[in-house]
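Contents: one structure, followed by commentary.
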There are 2 protein chains.
Amino acid sequence: MAPKWQELADELRALIVNGDLKPGQTLPQIRDLVEQGKGSKTTVQAAYKALEAEGLIAPSRGHGTVVLERPVLKRLGTERYDKAKWRDGDEVAFIADRKASNRPYQRSDQTQTVSRVPAPAQVAEAHGLPAGAEVYARARLVKEQGRPTHTLTSYYRPEHVEGTRLVDPTPGPAGRGGGFRVLYEAGYEPDSMKEVLHSRMPTPQERELLQLRPGEPVVELHRTTYTADGTVIEYAIGVHAASRFSWEYRFQIPDSAHVQKGVPQK
Amino acid sequence: MAPKWQELADELRALIVNGDLKPGQTLPQIRDLVEQGKGSKTTVQAAYKALEAEGLIAPSRGHGTVVLERPVLKRLGTERYDKAKWRDGDEVAFIADRKASNRPYQRSDQTQTVSRVPAPAQVAEAHGLPAGAEVYARARLVKEQGRPTHTLTSYYRPEHVEGTRLVDPTPGPAGRGGGFRVLYEAGYEPDSMKEVLHSRMPTPQERELLQLRPGEPVVELHRTTYTADGTVIEYAIGVHAASRFSWEYRFQIPDSAHVQKGVPQK
DNA sequence: TAGTGGTCTAGACCACTTC
DNA sequence: AAGTGGTCTAGACCACTAA
């Protein structure tokens, strides 16, 4: 026998997925359902909480509980790292990219702070540094039309970036071409990458920082950037609101019986 | 002023992340906290529910509420598709793989059912078929030591697999070398792939099928497999328990100013 | 059998939005 | 001011686990 609140949640969920309740419409009011004998207020509320955790509905005090839109996922492919966007040092490619995807550009869409910190364990390992060695951390909070979408913190070896504008302590958006441009100018041209992803529920701090609705997961992305000779020049950790992104990768099927070309083995 | 249940949740969370409460230990009993004046039973329970949704704790009726282990993520790299594992048609590579990762092999770890169904929209598009055209769907539920970890459903064009052992309606695990071996023998050698990932909360059916704890997200993976001439020979959709996997990809940083080698452009 | 967490009720009061 | 969802209480009873 399923709990009463679960049966009510199933009933309401069916209305939503069948389209009887469309995005933007409001669900029955909690007090009404109590009067209809669907259960006590606590019981009905439990059903609403469950649907909220599934990302189907959002409450709005004084107004009602509305059915949410299914947001469009922004697809992140490897072309977002295209050398043409940063190597030549102008912003044309960036702006063209923004325009093509129909997203207005605002300077406030990205904030960054740079600091010198002891390397977290994963960072130290990736850079081949002893535990606790100091690195530069460049933390960004990226927003889309005023709403935060993800954080991204890049870690650099001091000798790679010391004296460049990357470590300039004045907060503000990155300069022309971003961090890759700076590394390129310093003689460390980004050549290949490794990205490792997994998903989890956010910490309370992340939930607040990214303004996540209850029950929204995050995707944590660990990106290692190498030069052509295999030197690690950046280790970055991103925390993305899961409802906003998808990731796309294309690759050759490996064949351990043959020599591998083009893709770093490590 | 934060709600009372949230303050209690913060208090308990701090005990867990600080290590005062280690994995396997039990939290204070709900009735005790009620007696200590932390709130009514409903209030204390709300705090416990919140921590459960964050994946920190799990209730056990009659026993207590225990702090969960942080599970080890199994990393999925592209080498899992290595041609040596399926092209030569023996199971040596498979078993070696299992042994290397110290996971006992059981035939019941994978079940599959094959059926002929109208192609879902995304599948039809990927295969270049009209909406509603029929395809073969091969659905697997994969388990690790008896616990489900993910589902994986492959869709094939009928003319690619008709008459092969792939469409054999008898349920059971795939034969030697799996689906790729069959496609290879039929003259369609898998050559490259595209994988698209995103994360979301599971549907109630998925939560039951994968035995997900409340608040555990899933990662949905869409995999397109191509031959060397660009023909799509498989479109597969996987739903993975997020707490069990991470994905790893290595790639060259693209350069639109140059000719791309080795990686399919599409 | 005792002890744990899970569900449920009826009702009070608070916080926020809308009119 | 009226109406919405949010929080909280005190207490009852159920479901499951372990000794």
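Proteins come first, then strands; the chains are lettered A, B, ... in the order of their sequence lines, and each starts at number 1.
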With respect to the side chain of [X], which nucleotide from [options] is positioned closest?
X      : options                 : result
H63(A) : dG6(C), dG6(D), dT17(C) : dT17(C)
T65(A) : dG5(D), dA12(D), dG6(D) : dG5(D)
K41(A) : dT7(C), dC8(D), dC13(C) : dC13(C)
P59(B) : dT4(C), dG6(C), dC8(D)  : dG6(C)
T42(A) : dG11(C), dG5(D), dG6(C) : dG11(C)
W5(B)  : dG6(C), dT7(D), dA15(C) : dT7(D)

Contacts of type salt bridge (charged side-chain N to carboxylate O under 4.0 Å, His left out), residue R244(B), not counting sequence neighbours:
none

Which residues satisfy the salt bridge (charged side-chain N to carboxylate O under 4.0 Å, His left out) test with R75(B), sequence neighbours excluded?
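In terms of salt bridge (charged side-chain N to carboxylate O under 4.0 Å, His left out), with neighbours along the sequence ignored, R75(B) is linked to E248(B).
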
Within this structure, what is the [atom1]-to-[atom2] distance between [X] and [N], rounded to whole angstrom?
X      : N      : atom1 : atom2 : value
L33(B) : dT4(C) : CG    : C1'   : 13 Å
Q36(A) : dT9(C) : CD    : C1'   : 18 Å
L8(A)  : dC8(C) : CG    : P     : 10 Å
L27(B) : dT4(C) : CG    : P     : 14 Å
Q45(B) : dT9(D) : CD    : C1'   : 14 Å
I30(A) : dG6(D) : CD1   : P     : 6 Å
K49(B) : dT7(D) : NZ    : P     : 16 Å
R61(B) : dA2(C) : CZ    : C1'   : 16 Å

Electrostatic pair K38(B):E11(B) at N-O distance under 4.0 angstrom
yes

Thinking salt bridges, do K41(B) and E35(B) make one under a 4.0 Å N-O criterion?
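Salt bridge flag = no for E35(B) with K41(B).
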
Under 4.0 Å between a side-chain N or O of T43(A) and OP1 or OP2 of dT9(C)?
yes

So, R213(B) and S243(B): side-chain donor and acceptor under 3.5 Å apart, yes or no?
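No, because no side-chain N or O of R213(B) sits under 3.5 Å from a partner of the opposite role on S243(B).
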
K4(B) near the nucleic acid: base, sugar-phosphate alone, or nothing, with a heavy-atom cut-off under 4.0 Å?
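The residue K4(B) makes sugar-phosphate contact but no base contact.
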
Toward the 5' end of DNA chain C, which comes first, K38(A) or S60(B), by nearest nucleotide?
S60(B)

Examine the base of dG3(C) for any acceptor or donor lying under 3.5 Å from a partner atom in the side chain of R31(B), and report the outcome as yes or no.
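Side chain to base: no pair present.
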
